[in-house]
Amino acid sequence: MPRPLKVLFVASECAPFAKTGGLGDVIGALPIALHRGGIDVRVVIPLYAGLPWTQLERLEGTVGVPMWFGPAWAGVRLGRLPRSEVPVYFLEHHRYFDRPHLYGTASQAYHDNLERFAFLSRGALELSKALGWIPDVIHAHDWQTALAPVYVDTVEWAQPLHGCATVYTIHNLAHQGVFDGDAMFVTSLGREHYNAAEFEHFGTLNLTKAALARSTLLSTVSPTYAREIQTSADGFGLDGVLAGRSGDLRGILNGIDVEEWDPATDPHLPAHFDARARDGKAACKAALQEEARLPVRPDPPLFSFVGRLTRQKGIDVLAHALERILGWDVQVVLLGTGDPDAEAFFSDAARARPDRFAAWIGFDNARAHRIEAGADFLLMPSRFEPCGLNQLYSLRYGTLPIVRATGGLADTVVNYDEAAGTGTGFVLHDLRPDSLVDTVGWALSTWHDRPEHIARLRQAAMEQDFSWGRSAQQYEELYREAVVRRRGHALL
Ligand code: ADP
């Protein structure tokens, strides 16, 4: 038997402590599944404002983090992921992290984000040395921690972390950590690293590019997205770099936290249900209609959208399709924040059609649960979607996803086959308002003309297994492969 792996997660989000999207969900759940599989996994994130500071154990002493101006000091607090033994270390540095947002406002990123996240990436490495806990694998996630594998491969050369393999996971390639080329000094790395094979990308400083070059192995969050990002259409300018490491890049689907998202026990719901006893779903629908101030009627199908109001999610397409969709006897609810114009558009649309459309502008986890449970269909006409979690939640809650065939959506939703009555949702291919309207119309006609098919799709959807176990196994294989690559032999 190989000995248990030691894996250090370095990330900028971790649910339930700090989350702006799917990244936070993954960091809050994957380590628990890995731990169940016998891996000694620990997580490092910043101590942001609003966290339950006083409930966290304060570790003695401080960690000196080498920064461009000299050492910056980090206090360390220790907590656990809920319902688990997985340690979470919080790096405390008020000047960087005691702020109202994680990264800045919707319109303006914090001007010192490079410095803040250099501190996190380097601080995590210093912490593991200070703890005397040298991991086998350092697993970094998205641009905020992209510097961690770079430091392992540079300043840690011939140092205690020298033998650590590194894995870099792309959760969303649209965000790469791009800064002014003159800011290279903030990383504390020499100017010689500002070259086209590492940080330099068309005259800018690109953290993701350096991580792609330096990490032992790479992954992203679905097999389809792993292929798509190697093409110019979806590679956001890094497709060439990714294609160059094609053999080192894996696509591993995200799972979901099946305890937090369980319609049989979910404390946010007014009634409960599961794949065998689905009656409670009708009560959830009625309660959601009431909450949305829509007519409480079982017969019109209730469509929903939950998510960031950005172009990635295809909300411009939804906006253009909305009026035609609302021309039918349907109901639509939307929950989201993001682009101010989109927020204004959907608020206005809700005021214009209070009988058919409700929009909540805000971030509200409990309401997201109630929507997943109470709606009949979930709309996800994404422009691109690395994995997507909402469609997985909606499958589990018997809410049929209507998705565009991209990224993880293509890997997780099986299109309705009208002849056979099989599938788990409805899939559109073109990102055009007409296609969305047509697909919603298809779902609507199925709802009225073939209700037995809707019931079968629901049943099939709810029986899907997207728990983290299988993905965790694939990550473990990836870690073991990374160790062999780094050290030239398997763990002894
Ligand atoms: P992304 O990571 O691109 O934002 P995902 O579908 O992978 O998209 O994950 C989004 C996560 O954030 C889900 O857990 C979803 O429920 C949650 N979420 C997004 N917007 C909201 C909101 N306005 N209120 C509550 N939860 C939200």
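Keep in mind that what you see is a predicted model, and the values were worked out from it rather than measured. Order of listing sets the numbers, starting from 1, for every ligand and every atom in it.
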Answer yes if the side chains of [X] and [Y] hold a donor-acceptor pair under 3.5 Å, and no otherwise.
X	Y	value
Thr166	Thr216	yes
Gln331	Arg297	no
Ser246	Gln230	yes
Tyr103	Ser12	yes

Quiz item: Do Arg77's NZ or CZ and the ring of Phe90 fall within the cation-pi criteria of under 6.0 Å and 45°?
Solution: no
Quiz prompt | Geometric cation-pi criterion Arg116 and Tyr110, 6.0 Å radius, 45° cone | solution = no
Distance dump, ligand 1 polar atoms to protein, N/O, under 3.5 Å:
unit_1: ligand 1; atom_1: 2 (O); unit_2: Gly22; atom_2: N; d: 2.6
unit_1: ligand 1; atom_1: 3 (O); unit_2: Arg308; atom_2: NH2; d: 2.8
unit_1: ligand 1; atom_1: 3 (O); unit_2: Lys313; atom_2: NZ; d: 2.8
unit_1: ligand 1; atom_1: 4 (O); unit_2: Arg308; atom_2: NE; d: 2.8
unit_1: ligand 1; atom_1: 6 (O); unit_2: Leu389; atom_2: N; d: 3.0
unit_1: ligand 1; atom_1: 6 (O); unit_2: Asn390; atom_2: N; d: 3.4
unit_1: ligand 1; atom_1: 7 (O); unit_2: Leu389; atom_2: N; d: 3.3
unit_1: ligand 1; atom_1: 8 (O); unit_2: Lys313; atom_2: NZ; d: 3.0
unit_1: ligand 1; atom_1: 14 (O); unit_2: Lys19; atom_2: NZ; d: 3.2
unit_1: ligand 1; atom_1: 14 (O); unit_2: Asp25; atom_2: OD2; d: 2.9
unit_1: ligand 1; atom_1: 16 (O); unit_2: Asn390; atom_2: OD1; d: 3.1
unit_1: ligand 1; atom_1: 23 (N); unit_2: Gly362; atom_2: O; d: 2.8
unit_1: ligand 1; atom_1: 24 (N); unit_2: Asp364; atom_2: N; d: 3.0

